[in-house]
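By convention here, the first residue in the shown sequence is residue 1.
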Amino acid sequence: MSALASALPDFPWDLLEPAKAKAAAHPGGIVDLSVGTPVDPVPPLIRRALADASDAPGYPLTAGTPALRAAIAGWIGRACGASGELGVLPTIGSKELVAWLPTLLGVRPGDVVAIPSVCYPTYEVGALLAGATVVRSDSLTGLGPNPRIKLIWINSPSNPTGKVLPVDHLRKVVSWARERGVTVVSDECYLALGWETRPVSVLDDRVTDGDYTGVIAVHSLSKRSNLAGYRAGFLGGDPALIARLLEVRKHAGMIVPAPIQAAMIAALGDEEHVGHQRERYSARRDVLRTALTKAGFKISHSEAGLYLWATRAEDCWKTVGDLAELGILAAPGAFYGPAAAQHVRVALTATDERVAAAVARLT
């Protein structure tokens, strides 16, 4: 256990505590734009579905109810442009899935997991939990002819940068991986939040031609439907791979609670609440982007997703400290990889009142 813990990096958010304390000391209170946790209400139709399913004394199905599986498959078909026969599986949010997926897929010590150069830290954690080696690269040529690569993570829209990968790039990744027997896992948790461009799923027919062999997409209802507290995520893709994951997850007891499954069905069947939430985030994004730009920041990428990727061409921890003096807490780019050492991630997930306070302090 000690060896396993020592192999993992420091938990990043613990490192942010001094800056958080400084920001909290501001006379006007803290504006927390760091973690990206939703603050807006859970839509009423989802809460009703949860309550109506609360009398659930029996064990739920790891695979999800037939109604949930149909809802997931239907949503993927509509939102991801996928017309083929999918395997689907509900997950307990997306973070546990990301952390344990390499292990569940059979990645072992000596294997290599490829991740983006700037990315969600849990991709690296998941590889380390499996005992694998991590390689950071944004290009296939940068990976080289390495037969030890077993899994490659892609993320579009990106957390933290908001960058969107085009169809041609996604096709190349899938083709490259299939030639080498490598599994492609695409984190698409921010797919519904395209601002300047429309994100494309790896399951889109333009990418896979309806053949999902070796391909898995990871989705979450945390941001789309304000369900971070519900821990509601799901997978879609290669039916054979997902069947293997189901078997292992049944043994491990990785089961989404029955009331949450009912809430997921309601969330996946309704787009009106998603549109309302997009409007909230869009308005916050506009005013924060303007204020950051006027305050001397350059915004990189950020064409989609839930964050603004900002820089003043200085060490990210200095930027974090300066913002904390204003009572604003941002996430340092160093959390997301060495290549991000001069950026900060600014989340759109604060109330309108807190966003207005941040804008006033920046300007």
Side-chain angles (χ1 to χ4, degrees), residues 72-73 75-89 91 94 97-98 101-102 104-107 111-120 123 126-127 130 132 134-159 161 163-192 194 197-220 233-245 303-305:
I72 293 172
W75 183 88
I76 290 176
R78 297 188 303 274
C80 299
S83 66
E85 291 296 322
L86 289 158
V88 298
L89 184 64
T91 62
S94 58
L97 185 280
V98 171
L101 189 60
L104 299 180
L105 287 174
V107 173
D111 293 338
V112 171
V113 173
I115 66 176
S117 61
V118 176
C119 64
Y120 183 45
Y123 302 154
V134 175
V135 173
R136 291 180 180 265
S137 179
D138 295 322
S139 71
L140 298 174
T141 54
L143 294 176
N146 189 342
R148 294 167 54 207
I149 298 176
K150 301 300 180 185
L151 187 153
I152 180 169
W153 277 102
I154 55 177
N155 178 208
S156 178
S158 165
N159 170 19
T161 70
K163 183 178 180 180
V164 173
L165 299 177
V167 170
D168 288 347
H169 181 85
L170 295 173
R171 282 188 67 92
K172 288 177 182 177
V173 172
V174 171
S175 176
W176 178 93
R178 285 178 175 167
E179 289 174 1
R180 293 160 177 79
V182 175
T183 300
V184 176
V185 185
S186 179
D187 178 352
E188 302 176 355
C189 290
Y190 299 89
L191 191 72
T197 187
R198 183 172 181 177
V200 178
S201 169
V202 76
L203 301 178
D204 192 293
D205 287 350
R206 292 171 292 170
V207 177
T208 63
D209 299 319
D211 176 9
Y212 311 121
T213 304
V215 177
I216 295 173
V218 178
H219 286 273
S220 168
F234 56 92
L235 300 177
D238 185 335
L241 283 178
I242 289 179
R244 284 168 46 195
L245 288 171
E303 60 256 35

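Pro102 places none of its side-chain heavy atoms less than 4.5 Å from the side chain of Lys150. Looking only at side-chain heavy atoms (C-beta outward), Val173 and Leu140 come within less than 4.5 Å of each other. Counting heavy atoms from C-beta outward, Val135 and Ile149 have side chains that stay 4.5 Å or more apart.
Distance check: Ile216 CD1 to Leu203 CG gives 10.0 Å after rounding to the nearest 0.5 Å. In this structure, the separation between NZ on Lys172 and CG on Leu165 is 12.0 Å, given to the nearest 0.5 Å. Here the CD1-CG distance, from Ile72 to Leu235, works out to 8.5 Å after rounding to the nearest 0.5 Å. The distance from the CG atom of Leu101 to the OH atom of Tyr123 is 11.0 Å, given to the nearest 0.5 Å. Between Ser156 atom OG and Asp187 atom CG the span is 9.5 Å, to the nearest 0.5 Å. A distance of 10.5 Å separates CZ in Arg180 from CG in Asn146, rounded to the nearest 0.5 Å.
Between Leu86 and Pro239, the closest heavy-atom pair is C-CG, 4.1 Å. Of all the heavy atoms in His219 and Cys189, the pair that sits closest is C-SG, 4.0 Å. Contact between Pro199 and Ala304 at its shortest, heavy atoms only, is CG-CB, 4.1 Å. Considering all non-hydrogen atoms of both residues, Ala82 and Asp205 come closest at CA-OD1, 3.7 Å. What you find for Val200 and Leu170 is that their closest heavy atoms are O-CD1, 3.6 Å. Pairing each heavy atom of Leu143 with each of Ala114, the nearest pair is CD2-CB, 3.8 Å.
Under a 3.5 Å cut-off, the side chain of Asn159 and the backbone N or O of Tyr120 do not form any donor-acceptor pair. Using a distance-only test at 3.5 Å, with no hydrogens or angles considered, a donor-acceptor pair links the side chain of Asn155 to the main chain of Pro157. No donor-acceptor pair under 3.5 Å is formed between the side chain of Thr91 and the backbone N or O of Ser94. For the pair Arg178 (side chain) and Thr213 (backbone), a donor-acceptor distance under 3.5 Å is present. Remark: the backbone N or O of Gly214 is paired with a side-chain donor or acceptor of Asp238 at under 3.5 angstrom.
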Given the rule in the side chain to side chain contact (heavy atoms under 4.5 Å, CB included) test, do Val113 and Val107 qualify, once you have shown the distances and angles that lead to the verdict? CA-CA 8 Å; Val113 173; Val107 173; 4.0 Å; yes
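The only member of Val182, Ile154, Asp211, Val207 that meets side-chain contact (heavy atoms from CB on, under 4.5 Å) when paired with Val174 is Val207.
Under the 6.0 Å cut-off for aromatic ring centres, Phe234 and Trp75 qualify, their centroids lying closer than that.
The side-chain hydrogen bond (donor to acceptor under 3.5 Å, both in side chains) test applied to Ser186 returns Glu188, not counting sequence neighbours. The side chain to side chain contact (heavy atoms under 4.5 Å, CB included) test applied to Thr197 returns Val164, Glu303, not counting sequence neighbours.
Salt bridge absent: Asp204 and Arg171 never bring a charged side-chain N and a carboxylate O closer than 4.0 Å.
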